[in-house]
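Scroll down for the structure; my scribbles are underneath it.
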2 protein chains.
Amino acid sequence: MRPTKRDELVQKALTVFYQNGFHATGMDTLVKQTGISKTSMYKHFRTKEELILAALRLRDEKFRNWLCRRMEELADTPKDQLVAMFDALDEWFKEPGYKGCMFVKASSEYQDASHPIHMQCADHKRLLERHITGLAEKAGISDPGQIARRLLLLKEGAIVTSHLGLADNPAGEAKLAAIDLLQAAAR
Amino acid sequence: MRPTKRDELVQKALTVFYQNGFHATGMDTLVKQTGISKTSMYKHFRTKEELILAALRLRDEKFRNWLCRRMEELADTPKDQLVAMFDALDEWFKEPGYKGCMFVKASSEYQDASHPIHMQCADHKRLLERHITGLAEKAGISDPGQIARRLLLLKEGAIVTSHLGLADNPAGEAKLAAIDLLQAAAR
DNA sequence: TTCAAACTGTACCGATCTGTAATCTTTTAC
DNA sequence: GTAAAAGATTACAGATCGGTACAGTTTGAA
């Protein structure tokens with residue numbers, strides 16, 4: 001059980017898929033970009049789809065970990081952490097090579113709701129919703145599920161908007177809207 | 001100037017691209033699904049990309065027309081029309097064959113900001129923002145641009161959320177959030 | 001009726017797609 | 001030191017990709 005080479009493949013494939021898209025990235029491109037032979041790839045994963053699923057699994061883990069940690073670092077109270085989500089998103093949007101949400105893109109290319117890739121994208125979003133709902137509970141908000149879903153609407157909107165380059169500061173605007181929504185929920 | 005056959009092609013191609021995706025839809029599939037010969041296609045459009053651009057152009061026109069008209073039908077005052085946008089979205093989400101926003105999907109497959117397809121997707125969103133901002137002006141809101149962008153964040157979030165099947169009623173939840181945001185803006 | 005434009009069908013091009021086979025080299029474990 | 005596992009290389013299969021060539025058919029207007 002030496003997972004290093006396999007993990008290296010998944011990590012590098014993740015980057016290429018994120019930058020290039022899924023259908024647009026062929027296995028030969030992957031060989032070139034990762035330096036890993038096609039034979040090895042197909043020993044670890046029986047199909048391209050399985051490799052994509054593994055890449056999405058890694059992305060889910062890394063992204064959720066990063067976002068949750070960053071929210072904790074940026075604020076102390078649960079309520080402030082909810083607001084700080086948009087500060088974290090702003091940092092993400094400004095990263096070089098930012099290309100939107102990997103799961104939105106994957107579910108755009110594999111649209112059928114019964115497709116494994118589509119389902120895994122939905123899982124990612126659900127796990128995030130659970131965490132945000134938990135924070136809203138700790139913040140003592142009366143309907144934590146509702147405020148969590150509202151904040152996540154703003155989050156998804158900000159991601160799409162920033163990827164399309166439609167606003168100067170979508171994360172900042174979403175943050176101000178989130179503050180207003182939190183205030184409205186407290187009344 | 002007989003646009004019938006060409007328009008028929010664009011209309012049918014639009015449907016296939018929307019349901020199947022862009023890279024995933026080959027020209028041979030298009031021949032089968034539209035009943036139009038490949039020769040004719042390539043007489044009207046020099047490349048697949050040009051056909052996609054024409055399909056997106058049609059989609060932009062049809063969708064914006066539909067949404068703006070529906071908002072007017074569903075409410076009388078400009079402010080109520082802004083809220084009614086989410087009722088219209090709800091109708092859209094419930095249509096059979098609903099598969100999310102065509103422009104989000106197109107910009108997900110053609111990610112580069114300088115790509116013509118990506119740029120046309122951004123144009124669509126900008127035209128919509130202009131209209132919503134105009135409505136917010138008519139409603140007498142002090143910062144119409146801000147409220148328009150906030151409502152559109154909710155809209156994009158609701159579209160993504162509904163496509164992924166994450167909530168029972170994303171349009172309804174976005175609508176309630178929009179009402180709170182409008183109230184906060186009036187204070 | 002005639003003639004040109006528009007359209008169809010079919011066959012094809014070279015490139016690329018996912019995935020496999022066979023052979024050779026490197027790494028790892030005992 | 002040696003056997004076995006893992007990886008690299010190359011070539012290739014069969015299908016599909018975007019796009020073209022060419023000959024035949026339908027359509028519409030004068």
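First the proteins, then the strands, lettered A, B, ... as listed; each starts at 1. Everything quoted here is computed from the prediction, not taken from an experiment.
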Rounded to whole Å, please give me the gap between NZ in K32(A) and P in dT18(C). 13 Å
Charged N-O contact under 4.0 Å between E73(A) and R69(A): yes
Polar side-chain contact T47(A)-dG19(C) base: donor and acceptor under 3.5 Å: no
Please determine if a side-chain N or O atom of S37(A) lies less than 4.0 Å away from the OP1 or OP2 oxygen of dT9(D). no
Send over the distance from R46(A) CZ to dT20(C) P, rounded to a whole Å. 9 Å
Distance criterion of 3.5 Å, no angle test: do you see the side chain of T39(A) paired donor-to-acceptor with the base of dT9(D)? yes
Rounded to whole angstroms, how far apart are CD on E8(B) and P on dT8(C)? 9 Å
Answer yes when K94(A) and D90(A) have at least one side-chain N-carboxylate O distance shorter than 4.0 Å, and no when they do not. yes
Hey, are D60(B) and R57(B) close enough for a salt bridge, meaning a charged N less than 4.0 Å from a carboxylate O? no
I36(A) side chain, from C-beta outward: closest of dG19(C), dA6(D), dA8(D): dA8(D)
I need the CE-P distance between M27(B) and dT16(D), as an integer number of Å. 17 Å
Quiz item: cation-pi between R59(A) and Y18(A), 6.0 Å / 45°: yes
Using only modelled atom types and a 3.5 angstrom limit, is any donor from either the side chain of K38(B) or the base of dG19(D) paired with an acceptor on the other? yes
Length of the line joining K12(B):NZ and dC7(C):P, which is rounded to integer Å: 13 Å
Listed in order of residue number, which residues of residues 16-26 of chain A have a non-hydrogen atom at under 4.0 Å from DNA chain C? T25(A), G26(A)
Distance in angstrom units between D28(B) CG and dC12(C) C1', rounded: 12 Å
Y42(B) OH to dT8(C) P, straight-line distance once rounded to whole Å: 15 Å
Kindly say whether D76(B) contributes a backbone atom to a donor-acceptor pair with the side chain of Q81(B) at under 3.5 angstrom? yes
Can you check the H44(A) NE2 to dG19(C) P distance for me, whole Å? 16 Å
Between R150(A) and D180(B), does any side-chain N to carboxylate O distance fall below 4.0 Å? yes
What distance do K62(A) atom NZ and L14(A) atom CG have between them, rounded to the nearest 0.5 Å? 6.0 Å
